[in-house]
**Q** 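Questions regarding the structure given below will be posed in turn.
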Amino acid sequence: SATTTSAKNENGLCRWNQHVIIERISFPTDVHQIPDIFIYLIRESDMKPICFKRLKPVTNFKTGELIGFDQKASWNPLQEDKGINALYDGVFPGTLLIKLGFGLAEEGEAVRDSWKAHLSAVAIGVPHQVR
């Protein structure tokens, strides 16, 4: 598992902008046995997992193709953890902008620098307006 540092909530927006790497994990060679990836949003005051995103590491079960490291960042809606029920009724759990890579260690090393450059680019926020 991996943990990020806390991010300050500013008008309902938190910016982590962190590059989290889990160096080497051993998984079965049969990709169908690799567990799903869970990302939890945890409330710092009581360490309760408020909501989560579940992602599949395998993109094509017939071919056994893993996510790989060439995915673009995408917005992912979170789901409230109903077992904990930490959100008030009608409160939207939020979304996370995630760029996730999963594959063999050698593949991850080959793109390490490009991922760092991408993180630097998304760290710069540009104000927009909707009317």
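What you see is a predicted model; the values in this text were computed from it and never measured. By convention here, the first residue in the shown sequence is residue 1.
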**Q** Kindly indicate whether the side chain of Leu55, heavy atoms from C-beta on, has any atom under 4.5 Å from the side chain of Asp36.
**A**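 Result no, sub-4.5 Å side-chain heavy-atom pair not found.
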**Q** Would you check, one step at a time, whether the test side-chain contact (heavy atoms from CB on, under 4.5 Å) holds for Asn76 with Thr95?
**A** CA-CA 5 Å; Asn76 291 266; Thr95 58; over 6 Å; no
**Q** Which pair of non-hydrogen atoms, one from Leu66 and one from Thr59, has the smallest distance, and what is that distance?
**A**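 In this case the closest contact between Leu66 and Thr59 is O-OG1, 3.8 Å.
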**Q** For atom NZ of Lys48, decide whether the heavy atoms of other residues, nucleotides or ligands shown that lie under 6.0 angstrom number more than 12.
**A**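 At most 12 heavy atoms, drawn from other residues, nucleotides or ligands, come within 6.0 Å of this atom.
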**Q** Contact between Val58 and Phe102 at the side-chain level, heavy atoms closer than 4.5 Å - yes or no?
**A**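 Not touching, per the 4.5 Å side-chain cut-off.
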**Q** Minimum heavy-atom separation for Ile67 to Asp70, with atom names?
**A**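 Closest approach of Ile67 to Asp70, heavy atoms only: O-OD1, 4.0 Å.
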**Q** Does one hydrophobic cluster hold both Ile25 and Leu100, with members joined at side-chain heavy-atom distances below 4.5 Å?
**A**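 Yes, it is one cluster - the side chains of Ile25 and Leu100 are joined through contacts under 4.5 Å.
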**Q** Using atom types as modelled and distance alone, determine if a side-chain donor or acceptor of Glu107 lies under 3.5 Å from a backbone N or O of Leu104.
**A**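 Answer holds: yes.
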**Q** Please report the closest heavy-atom contact between Pro57 and Ile34, naming both atoms and the distance.
**A**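 Looks like CG-CG2, 3.7 Å.
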**Q** Can you confirm whether Phe61 sits close enough to His32 that some side-chain heavy atom of one is under 4.5 Å from a side-chain heavy atom of the other?
**A**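 Heavy-atom side-chain distance check passes, below 4.5 Å.
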**Q** Go through the steps for Ser6 and Glu44 under the test side-chain contact (heavy atoms from CB on, under 4.5 Å), then give the verdict.
**A** CA-CA 7 Å; Ser6 299; Glu44 188 176 26; 2.8 Å; yes
**Q** Distance from Cys51 atom SG to Ile84 atom CD1, nearest 0.5 Å?
**A**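 CD1 of Ile84 is found 10.0 Å from SG of Cys51.
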**Q** Taking all non-hydrogen atoms of both residues, which atom of Pro49 and which atom of Tyr40 are closest, and how far apart?
**A**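 That would be CB-CD2, 3.8 Å.
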**Q** Side chains of Asn85 and Glu80: does their closest heavy-atom pair fall under 4.5 Å?
**A**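 Contact flag for Asn85/Glu80 side chains = yes.
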**Q** If you apply the rule side-chain contact (heavy atoms from CB on, under 4.5 Å), what do you find for Asp81 with Ile50, and how did you get there?
**A** CA-CA 6 Å; Asp81 188 326; Ile50 300 169; over 6 Å; no
**Q** Say you draw a straight line from CH2 of Trp75 to CG of Leu97; how long is it, rounded to the nearest 0.5 Å?
**A**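 Output value for this atom pair is 4.5 Å.
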**Q** Hey, what do you get for NZ (Lys99) to NZ (Lys72), rounding to the nearest 0.5 Å?
**A**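 If I round to the nearest 0.5 Å, the distance is 9.0 Å.
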**Q** Is there a side-chain contact between Phe52 and Leu78, using heavy atoms and a 4.5 Å cut-off?
**A**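 Counting from C-beta outward, Phe52 and Leu78 never come under 4.5 Å.
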**Q** Is there a side-chain contact (heavy atoms from CB on, under 4.5 Å) between Leu87 and Phe92? Walk through the geometry before answering.
**A** CA-CA 8 Å; Leu87 297 177; Phe92 179 62; over 6 Å; no
**Q** Taking all non-hydrogen atoms of both residues into account, name the closest pair between Phe27 and Pro35 and its distance.
**A**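 Closest approach of Phe27 to Pro35, heavy atoms only: CE2-CD, 3.6 Å.
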